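Reminder, nothing fancy here: chain letters follow the sequence lines and each chain counts from 1. What you see is a predicted model, and the numbers here were worked out from it, not measured in a lab.
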2 protein chains.
Amino acid sequence: MELTGRQNLVLKKIYDYILVNSYPPSIRELAGMLYINSPRGISDHLYSLERKGYIERRSSARSIKLTWKALQILGQNTEKEALYLPLVGRIAAGRPVLAEENIEDHIPFPADMIRGNADFALRVHGDSMIGDHILNGDIIAVRSQPVAENGDIVVALIDDEAVVKRYYRKEKHVELRSSNPKYMPMLMKSDPIIQGKVVAVQRALR
Amino acid sequence: MELTGRQNLVLKKIYDYILVNSYPPSIRELAGMLYINSPRGISDHLYSLERKGYIERRSSARSIKLTWKALQILGQNTEKEALYLPLVGRIAAGRPVLAEENIEDHIPFPADMIRGNADFALRVHGDSMIGDHILNGDIIAVRSQPVAENGDIVVALIDDEAVVKRYYRKEKHVELRSSNPKYMPMLMKSDPIIQGKVVAVQRALR
DNA sequence: ATAATTACTATACATTTGTATAGTAATTAT
DNA sequence: ATAATTACTATACAAATGTATAGTAATTAT
């Protein structure tokens, strides 16, 4: 899924525009920059860029979002030292994790530790993941993703509550396991809602 | 040219929206967030914010740009300050810990996590403190102090090597204990050189 | 050899979006 | 006391904008 030369140029133009204006370009503005005479010409490129995972879009004006993958090849992530992740207070089912009303704070993580690859932070409640050395009160960095691989430490939604567990897909069900033996594995007949994968941990001592 | 409470809230909503979506909100989206039923309500706020120098705008969709002035007050309000600790590569006896030649990098920690109370960072080698959930590869924040209290997790110098251990003062000697049972406690007849106390931990997963 | 992908042109259309007009009520400044 | 500012409601409109339809030509994959 590599970019063609033209797609690469479009991506660079988007990046340049954002650097100058701090908000993304419209389709016709991009067309103008690239001397393309039809919005469809840009639309095609944007579909390709999205399909290949370099941008994300919603269907509203200027809603282009560069992904981590794009920022990497655009050579942006190298000089960042601290990356601020929004600390989400409560995750409710059916609402986007990063709804503004959920954001309580912003927590710095070393950029190279999460390699630009995390979307929000969460405070851990309880000792169910003590076997993985994730303790009550720890702040975890989470990468948003709706699926997980076996053994991943994930944030899942159980009864409107965000829980941190290890994910295991079995033949007939999904198991969410604590790493503290005093908690039983949760057997889910229906697939649980996965909010993301835990990629880093921070803890204050004392 | 100070902001009113309401204007401040509008500015914060814009900031939060950009953090989440990476592009600015439209006027009607802002109105929705603030339960305002007319675009004019937001327009008034945007004119005020621009007049007072907190945003810049062009007359196209989602063209709000936060100025440095805005980012300054927003940074203070919503972002925990990052405190950069020098990452010390090797601690040698008889030389100051923070000798320039030792500093390999600078690692951000959330300021409130260490409460301004740490002086350097260190990468952990080995699994001797696994019982305290400090793992091989973790980065710890250390407050410089030459003494410790019983039970403190400290950085000590043993044979020119920095070690992380729990400190216990007995009647006739000092014990430096690992929290991994496979390592024996070290009995020190002479007081070991204490470099400091561990106050925070950071870890990347996978 | 044929299908799929890439990279566009040209035009049309519905929605989104910024802006304008015309107000009200409460607060703050002069 | 009066004017200005703040903080809105309600509606209207034109421009900006994303998307759709219908194509073409060249290149790349199967």
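Each end of the helix from C:dA1-D:dT30 to C:dT30-D:dA1 gets its own rotation axis from five pairs of C1' atoms, and the angle between them is 40° to the nearest 10 degrees.
The distance from the CZ atom of A:R123 to the CG atom of A:L87 is 6.5 Å, given to the nearest 0.5 Å. Note that CD1 of A:I130 and CG of A:N136 are 9.0 Å apart. Values are rounded to the nearest 0.5 Å. Between A:I36 atom CD1 and A:I27 atom CD1 the span is 11.0 Å, to the nearest 0.5 Å. A distance of 6.5 Å separates CE of B:M129 from NZ of B:K165, quoted to the nearest 0.5 Å. Between atom CG of residue B:N150 and atom CZ of residue B:R169 there is a gap of 8.5 Å, rounded to the nearest 0.5 Å. Atom CD1 of residue B:I140 and atom CZ of residue B:F109 lie 8.5 Å apart, to the nearest 0.5 angstrom.
Ranking D:dT17, C:dT19, D:dT19 by closeness to the A:S43 side chain, first place goes to D:dT19. Checking D:dG18, D:dT6, D:dT17 against every side-chain atom of A:R57, the shortest atom distance belongs to D:dG18. You'll find that the side chain of B:E29 is closest to C:dT17, out of D:dA7, C:dC8, C:dT17. With distances taken from any side-chain atom of A:I27 to the nucleotides D:dT17, D:dG18, C:dA7, the minimum falls on D:dG18.
Minimum heavy-atom separation, B:Y23 to B:R62: CE1-NH1, 3.6 Å.
Between the side chain of B:N180 and the main chain of B:K182, a donor-acceptor pair closer than 3.5 Å is present.
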Requested in this report: Decide side chain to side chain donor-acceptor pair (under 3.5 Å) for A:Y167 and A:E149; before the verdict, give the C-alpha distance in whole Å, the side-chain angles of both, and the deciding distance to 0.1 Å.
Outcome: CA-CA 7 Å; A:Y167 177 94; A:E149 290 177 42; over 6 Å; no
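If A:R58 and B:H45 are placed on DNA chain D by their nearest nucleotide, the residue sitting closer to the 5' end is B:H45. The 5' end of DNA chain D is approached more closely, in terms of each residue's nearest nucleotide, by B:R6 than by the other of B:S60 and B:R6.
Checking the phosphate oxygens (OP1, OP2) of C:dT5, no side-chain nitrogen or oxygen of A:S48 falls inside 4.0 Å. Regarding contacts with the backbone of C:dT5, every side-chain N or O of A:Q7 stays at 4.0 angstrom or more from both OP1 and OP2. The phosphate of C:dT5 (OP1 or OP2) has no side-chain N or O of A:K52 nearer than 4.0 angstrom. Of the side-chain N and O atoms in B:Y47, one or more sit less than 4.0 angstrom from OP1 or OP2 of C:dA20. The side chain of B:R51 places an N or O atom within less than 4.0 Å of a non-bridging phosphate oxygen (OP1 or OP2) of D:dT6.
Going from atom OH of B:Y23 over to atom P of D:dT17 covers 14 Å, rounded to whole Å. Distance CG (A:L46) to P (C:dA7): 13 Å, rounded to an integer number of Å. The nearest whole Å value for the distance from the CG atom in B:L9 to the C1' atom in D:dT6 is 15 Å. Between the CZ atom of A:R62 and the P atom of C:dT15 there is a distance of 21 Å, given to the nearest Å. Straight-line distance from the CG atom of B:L30 to the P atom of D:dA7: 15 Å, rounded to whole Å.
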Which pairs, protein N/O on one side and nucleotides 27-30 of chain C N/O on the other, fall under 3.5 Å?
none

Produce the list of close N/O pairs, under 3.5 Å, pairing protein atoms with atoms of nucleotides 11-13 of chain D; give distances to one decimal.
none

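Under 3.5 Å, the side chains of B:S179 and B:D132 contain a donor-acceptor pair of N or O atoms.
Salt-bridge annotation for A:R40 and A:D44: present, with a side-chain N of the basic residue lying under 4.0 Å from a carboxylate O of the acidic one. Between B:K197 and B:D152 there is a salt bridge, since at least one side-chain N of the basic residue sits less than 4.0 Å from a carboxylate O of the acidic one.
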